[in-house]
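Everything below concerns the one structure shown next.
Residue numbers start from 1 in every chain, and the chains themselves are labelled A, B, ... in the order their sequence lines are given, proteins ahead of strands. Keep in mind the model is a prediction, meaning the values are calculated, not measured.
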Amino acid sequence: MAGLKKDHNCGELRITDCGKQITVMGWVQRRRDHGGLIFIDLRDRFGLLQVVFNPESGAETFSRAESVRNEYVLAITGVVGARPKGTVNANLTTGEVEVYATELRILNKAKTPPFYIEDNLEADEMVRLKYRYLDLRRPVMQQALILRHKIAFAMREFLNQRDFLEVETPILTKSSPEGARDYLVPSRVHPGEFYALPQSPQLFKQMLMVSGIEKYFQVARCFRDEDLRADRQPEFTQLDIEMSFVDREDILALMEEMMVYIFAKTMNTTIKTPFARLTYAEAMGVYGSDKPDLRFGLKLVDIGEIAAQSDFKVFASVVNNGGQVKGINAVGCAKYSRKEIDELTNFVAIFGAKGLAYIQMTEEGPKSPIAKFFIPEQLTAICQKMNAKTGDLLMFVADEPMVVAESLGHLRVEIAKREGLIDPEEFNFCWVVDFPLFEYNTDEKRWVAMHHPFTSPMEEDVKYLLSDPGKAKAKAYDMVLNGVELGGGSIRIYDKKVQEQMFAAISMDPAEARGKFGYLLDAFEYGAPPHGGIAFGLDRMTMLLAKKNTIRDVIAFPKTQSATCAMMQAPSLVDAKQLRELYIKTTVPEK
RNA sequence: GGAACUGUGGUGUAGCGGUUUAACAUGCCGGCCUGUCACGCCGGAGAUCGCGGGUUCGAUUCCCGUCAGUUCCGCCA
């Protein structure tokens, strides 16, 4: 930098700085060359600053300014001055001042970037990811990273104030049979053996409780080798928390306080506590989701009883076979065309619904292809139950409970989006509690833990662990924000006997349990305290607060949907020598 | 593993329901310009329309396959 020192940031200069001689460094946002007068907007992380070059700048400096192009890296020394009357730019925080350059050094030249370095650009995401270092120069991207930093910092601040200890846990760890697919790392020292990257620090944090840490947290990187989504990346960051000597209410209350703190520090807003609370059964029954979006209504209404008595065989037989018939009232949507209803029918088919029955509430009364199967009293009863008025559209799905929930649960969100029922400024939190302890896996023909196999059953349900697993409820809870699962946790098992029963319930024989989790069972014999915890998705939280549609926009270097890094071209083939050292032979089929 | 959508100069788009010199904006290059801030004006370069095959006299356009991206289902304790 040839002896120059950046003594001011571009974005920080104000009218009160007039007269100062300063040196700024940054990137050329734009050059406006008027022949005898050149303006350069210089950009750094803190903002934009207009620099003026005129003949008084000196011939050499002026001609150098003529050669400057976008994204060149410059060091400029000059004097801050007030802009002449009528040339103030209200769109810039530095719009009242400009710098009269006396010296210009080109610290580095730049090729023309493949896309504009500015907000609101609509470049192809693949191009943005390939040139992520340029994409991240855009102020909106930097704001997202800044917000992410503030959130993580507020978390640390809050937990530190509450006596929590941040402890790091291993990245090279042991593969576990339950849960997501593991990323594996071959061991050179132990031929044929593998480490796994952690899906979460779950067992380590429980061990830390046995160690007497009492209050632990970690901003932990987690890895799951599963397919990606807009809100799912193969590596992601969790705020992982665990506490000893607490019950569910202690944790929920503390986490609400933490969210209040985070929102105060990062969004400058006050959020209301306590959060709404729903049981899993309520959430599924009324909203068709275990992560309900409570910003709008469109609740699911059960019309099974009426449907069972109708002549509509499709409905009646579903009810008689233990299924459900439920509907939602899309208020004011009777205007929907046949085409739109077909679209919605295709939409619910994604979730397994075999059809979408509907009733349009017209001026002439209920109009529907299925109306003829109902006597007037039944139609009236349905309309009454669903609070239907002229202009509304009632839509129904009849199927097994899970299909009804999922299809109508997604449909209500789709209708809310189409009808603009969602206030984008609202942050609506709730807790979902009382999850089932198990769910039945039809492929593996066994019960599996819904949360994870270290989750404590409700005391009164311990007796069902082996006799009637489907009946057991868990001391588990999820925090939900605007229909997105922000975090989840549970009170853990700390009793060796209960833990052994748990393993037995998921059809893990004692020898296997010993082999996989022997250290946990051992630890429980040395004075394990009652404990529980929770983990939050930092990426998702940042996405919601930044009002982005994908977590890729709040991750510096995210993966594409096929789990590749567009910038580094990972994953990649490696040298045969590397494979030999690891005793690995690949068996990729020839195309 | 499956479904849908997308792929045209550097970037963002248009196009033709078969035959065009492939259009527009912006960016880029050159020239002019002392108050602009998405500066302006003049001129110029830049695309075998993702890839492969098929139909046809002729394909950017129609069909099939493939690759890549995105969204979703499955999967994600």
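In this structure, the separation between CE on A/Met458 and NZ on A/Lys471 is 15.0 Å, given to the nearest 0.5 Å.
Using a 4.0 Å heavy-atom cutoff across all strands shown, A/Ser562 reaches sugar-phosphate atoms only and no base atom. When heavy atoms are screened at a 4.0 angstrom cut-off, A/Arg552 is found touching the sugar-phosphate backbone but no base atom. Counting non-hydrogen atoms under 4.0 angstrom, A/Glu125 reaches the backbone sugars and phosphates but no base. Using a 4.0 Å heavy-atom distance criterion, A/Pro113 is classed as making no nucleic acid contact. Residue A/Glu98 is in base contact, counting any heavy-atom pair closer than 4.0 Å across all strands shown. Across all strands, A/Asp124 comes closer than 4.0 Å only to sugar-phosphate atoms, never to a base (heavy-atom distances). Base contact: A/Asn89 has a heavy atom under 4.0 Å from a base atom. Across all strands, A/Arg30 comes closer than 4.0 Å only to sugar-phosphate atoms, never to a base (heavy-atom distances). Among the heavy atoms of the strands lying under 4.0 Å from A/Pro114 are primed sugar atoms or P, OP1, OP2 only; no base atom is included. Using a 4.0 Å heavy-atom cutoff across all strands shown, A/Asn346 reaches no nucleic acid atom at all. Looking at heavy-atom distances under 4.0 Å, A/Glu122 makes contact with sugar-phosphate atoms alone, never a base. Among the atoms of the strands shown, only primed sugar atoms or phosphate atoms (P, OP1, OP2) are found under 4.0 Å from some heavy atom of A/Thr564.
Between the CG atom of A/Asp135 and the P atom of B/G12 there is a distance of 12 Å, rounded to whole Å. For A/Met126 and B/G10, the CE to P distance is 17 Å, given to the nearest whole Å. To the nearest angstrom, C1' of B/G9 lies 18 Å from CZ of A/Phe115. Between the CD atom of A/Gln233 and the C1' atom of B/U71 there is a distance of 14 Å, given to the nearest Å. Taking atom CD of A/Glu406 as the reference point, atom P of B/C76 lies 13 Å away to the nearest angstrom. Atom pair A/Phe351:CZ and B/A3:C1' shows a separation of 12 Å (rounding to whole Å applied). Rounded to a whole Å, the CG atom of A/Asp33 is 14 Å from the C1' atom of B/C37. Per the geometry, CD1 belonging to A/Ile40 stands 15 Å off C1' belonging to B/G35, to the nearest Å.
Remark: A/Asn549 is not in phosphate contact with B/U70, judged by side-chain N or O atoms under 4.0 Å from OP1 or OP2. In terms of phosphate contacts, A/Gln50 brings no side-chain nitrogen or oxygen within less than 4.0 Å of OP1 or OP2 of B/U36. A/Arg32 has no side-chain polar atom (N or O) that falls below the 4.0 Å cut-off from OP1 or OP2 of B/U36.
Minimum atom distance to the side chain of A/Glu226 is reached by B/C76, of the listed B/G35, B/C28, B/C76. Of the candidate nucleotides B/C75, B/U71, B/G27, B/C75 has the atom nearest to the side chain of A/Arg229. With B/A68, B/U70, B/C37 as the candidates, the nucleotide lying closest to the side chain of A/Thr560 is B/U70. Ranking B/U34, B/U71, B/G74 by closeness to the A/Arg232 side chain, first place goes to B/G74. Of the candidates B/C29, B/U36, B/C75, B/C29 carries the atom nearest the A/Arg69 side chain, counting heavy atoms from C-beta on. Of the candidates B/G35, B/U34, B/C37, B/G35 carries the atom nearest the A/Phe39 side chain, counting heavy atoms from C-beta on. Closest approach to the A/Leu37 side chain among B/U36, B/U34, B/G27 is made by B/U34 (side chain taken as heavy atoms from C-beta onward). Among the nucleotides B/C76, B/C37, B/A68, the one closest to the side chain of A/Thr87 is B/C37.
Applying the 3.5 Å distance criterion, the base of B/C37 shares no donor-acceptor pair with the side chain of A/Arg31.
Distance check on atom C1': B/G40 versus B/A4 gives 46 Å, rounded to whole Å. Comparing B/A47 with B/G65, their P atoms are spaced 32 Å from each other, to the whole Å. Only the P atoms considered, B/U19 is 36 Å distant from B/U71, to the nearest whole Å. Atom name P, nucleotides B/G27 and B/A38: the rounded distance is 12 Å, in whole Å. With C1' as the reference atom, B/G18 and B/U56 are 8 Å apart, rounded to whole Å. Between the C1' atoms of B/A45 and B/G53, the separation comes to 35 Å (whole Å). Straight-line distance between the P atoms of B/U48 and B/U55: roughly 26 Å, to the nearest whole Å. Nucleotides B/C62 and B/A14, compared at atom P, are 14 Å apart to the nearest Å.
Under the Watson-Crick and G-U wobble criteria, each requiring two contacts below 3.5 Å, nucleotide B/C62 is paired to B/G54. Across all strands shown, B/G9 forms no Watson-Crick or G-U wobble pair with both distances under 3.5 Å. B/U70 and B/A4 make up a base pair, with Watson-Crick or G-U wobble contacts both under 3.5 Å. A 3.5 Å limit on both hydrogen-bonding distances identifies B/C29 as the Watson-Crick or G-U partner of B/G43. Pair assignment for B/C76: none, as no Watson-Crick or G-U wobble contacts are both less than 3.5 Å.
Looking only at side-chain heavy atoms (C-beta outward), A/Met25 and A/Asp44 stay at 4.5 Å or farther from each other. Looking at heavy atoms from C-beta onward, A/Leu298 lies out of side-chain contact with A/Glu419 at the 4.5 angstrom threshold.
Between A/Ser200 and A/Ala230, the residue whose closest nucleotide on RNA chain B is further toward the 5' end is A/Ala230. Nearest-nucleotide positions on RNA chain B place A/Asn54 closer to the 5' end than the other of A/Ala180 and A/Asn54.
Relative ring orientation between A/His452 and A/Phe454 is described as tilted, the plane-to-plane angle lying within the 30° to 60° band. Between A/His410 and A/Phe347, the ring planes are perpendicular. Angles over 60° get that label, and only those under 30° would be called parallel. Aromatic ring pairs are classed by plane angle as parallel below 30°, tilted from 30° to 60° and perpendicular above 60°; the pair A/Tyr131 and A/Tyr133 is perpendicular.
Classification of A/Arg132 and A/Asp135 as a salt-bridged pair holds, one side-chain N sitting under 4.0 Å from a carboxylate O. A salt bridge is absent between A/Lys130 and A/Asp124: the closest approach of a Lys/Arg side-chain nitrogen to an acidic carboxylate oxygen does not fall below 4.0 angstrom.
Side chains of A/Thr169 and A/Gln218: a donor-acceptor N/O pair is present below 3.5 angstrom, by distance only.
Applying the 5.5 angstrom centroid cut-off and the 30 degree plane-angle cut-off, the aromatic ring of A/His34 is stacked upon the base of B/C39.
Within 6.0 Å of CH2 in A/Trp447 there are more than 12 heavy atoms belonging to other residues, nucleotides or ligands.
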